[in-house]
There are 2 protein chains.
Amino acid sequence: MTYGEKFEALAAPIRLAVFERLRQGPASVGALADGLPVSRPAVSQHLKVLKQAGLVAETRQGVKRIYRLDTEGLAALRDYFDRFWDDALGAYKRSLEARDA
Amino acid sequence: MTYGEKFEALAAPIRLAVFERLRQGPASVGALADGLPVSRPAVSQHLKVLKQAGLVAETRQGVKRIYRLDTEGLAALRDYFDRFWDDALGAYKRSLEARDA
DNA sequence: TTTCTCCGTAAGTCATGACTTACATATGGA
DNA sequence: TCCATATGTAAGTCATGACTTACGGAGAAA
């Protein structure tokens, strides 16, 4: 559930594609595998990584398993880069002041 | 300069550490290598990846090369997750409406 | 209970990438 | 010019991870 785990999860192209697909709404494993150039077990393995990173969540619906985005993990990433942006601007401002001094 | 490239860049622990270090302000390659458990050439290679992903920028200062965050790439990531968040909420809302219908 | 669907896991293969040492290049000063 | 500093690049090694096929398990319907 660390940031490094989240970035590692999004680094693999197939996993990023799954992530983007779930942006449109929940989907089953089979539905995700259709439209992707890898086997269904591969998608299963990717979903496991995404879940462990806190980016997706699982809901059982009969014999199917519906995956959806994990809003908590998503909010964590959004907040991370919001804060990062503020810090970067602050550091830039300080570096300018140090240069003038 | 794609999002995939940026996530791949941040996926390696050492590169994420460099990224976090530059959050505090610019630094030379040697300064970055000090405090990291890898050799200086390794840091150089990591900086090359980060630069190609649009996350850091380079400024030559005498014989040194000062690396700093690339505000454009940073803003792109921040905006990406802002939009992603909005889309995810919208998709969630639609999925609830579809369930009720 | 049998059967079908849907999915996760195990085991093995293969490519990729993160690291090292050695070498090349460029800047600044004596 | 000659040397020292700071960094990038080349080449090679080794671990990791992304993929495959084969198999196992659990729920729904006959």
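In what follows, chains carry the letters A, B, and so on, assigned in the order in which the sequence lines appear, proteins first and then strands, with residues in each chain numbered from 1. Hydrogens, waters and symmetry mates are skipped; everything else that's a heavy atom, side chains included, is used.
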Student: What's the CZ-C1' distance between A/Phe7 and C/dG17, to the nearest Å?
Tutor: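 Rounded to the whole Å, the gap is 19 Å.
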
Student: What is the per-nucleotide protein-contact pattern of nucleotides 24-30 of chain C, from the 5' end, where B denotes a base atom under 4.0 Å from a protein heavy atom, S denotes such proximity for sugar-phosphate atoms only, and - denotes neither?
Tutor: ---BS--

Student: Are any side-chain N or O atoms of A/Glu5 and backbone N or O atoms of A/Thr2, one a donor and one an acceptor, separated by less than 3.5 Å?
Tutor: yes

Student: If you round to the nearest 0.5 Å, how far is CG of B/Leu50 from CD of B/Gln45?
Tutor: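 Rounded to the nearest 0.5 Å, the CD-CG separation comes to 12.5 Å.
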
Student: Tell me whether the side-chain N/O atoms of B/Ser28 come closer than 4.0 Å to OP1 or OP2 in D/dT7.
Tutor: yes

Student: Among D/dC19, D/dT21, C/dA18, which nucleotide has an atom closest to any side-chain atom of A/Pro41?
Tutor: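 Side chain of A/Pro41 sits closest to D/dT21.
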
Student: Does NZ or CZ of B/Arg15 fall inside the cone over B/Phe7's six-membered ring, less than 6.0 Å from its centre and within 45° of the axis?
Tutor: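 No cation-pi geometry.
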
Student: Would you mind telling me which residue lines up with the more 5' stretch of DNA chain D, A/Pro37 or A/Glu8, judged by nearest nucleotide?
Tutor: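 Here A/Glu8 is the residue nearer the 5' end.
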
Student: Can you measure A/Ile66 atom CD1 to C/dC6 atom P for me and round it to whole angstrom units?
Tutor: 11 Å

Student: Just how far, in rounded Å, is P of D/dT7 from NE2 of B/His46?
Tutor: 16 Å

Student: By nearest atom, which of the nucleotides D/dT20, D/dA18, C/dA22 is closest to the A/Ala12 side chain?
Tutor: D/dA18

Student: Check this one for me: any side-chain N or O of A/Ser39 less than 4.0 Å away from OP1 or OP2 of D/dC19?
Tutor: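 Result: no.
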
Student: What is the distance from CG of A/Asp34 to P of C/dT5, rounded to the nearest Å?
Tutor: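 Answer to the nearest Å: 15 Å.
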
Student: Taking OP1 and OP2 of C/dG8, is either one under 4.0 Å from a side-chain nitrogen or oxygen of A/Arg40?
Tutor: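 For C/dG8, neither OP1 nor OP2 has a side-chain N or O of A/Arg40 closer than 4.0 Å.
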
Student: Is there a side-chain contact between B/Leu55 and B/Lys6, using heavy atoms and a 4.5 Å cut-off?
Tutor: yes

Student: Rounded to the Å, how far apart are A/Leu47 CG and D/dA18 C1'?
Tutor: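 Going from CG in A/Leu47 over to C1' in D/dA18 covers 14 Å.
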
Student: Between B/Phe84 and A/Phe19, is the ring centroid distance below 6.0 Å?
Tutor: yes

Student: Would you say B/Ser44 places a side-chain N or O within less than 4.0 Å of OP1 or OP2 belonging to D/dT7?
Tutor: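 Result: no.
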
Student: Quick check for you: to the nearest 0.5 Å, what is the distance between A/Leu77 atom CG and A/Glu72 atom CD?
Tutor: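 It comes to 12.5 Å.
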
Student: Under 4.0 Å between a side-chain N/O of B/Tyr67 and OP1 or OP2 of D/dG8, yes or no?
Tutor: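 So the side chain of B/Tyr67 is within the cut-off, an N or O lying under 4.0 Å from OP1 or OP2 of D/dG8.
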
Student: In whole angstroms, how far is the P atom of C/dA18 from the CD1 atom of B/Ile14?
Tutor: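 One finds 10 Å between P of C/dA18 and CD1 of B/Ile14, rounded.
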
Student: Is A/Gln45 side chain donor-acceptor paired with the D/dT20 base, going by distance under 3.5 Å alone?
Tutor: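 Side chain to base: pair present.
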
Student: Does the cation-pi check pass for B/Arg60 over B/Tyr67, that is, NZ or CZ under 6.0 Å from the six-membered ring centre and within 45° of its axis?
Tutor: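 No, a cation-pi geometry is absent between B/Arg60 and B/Tyr67.
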
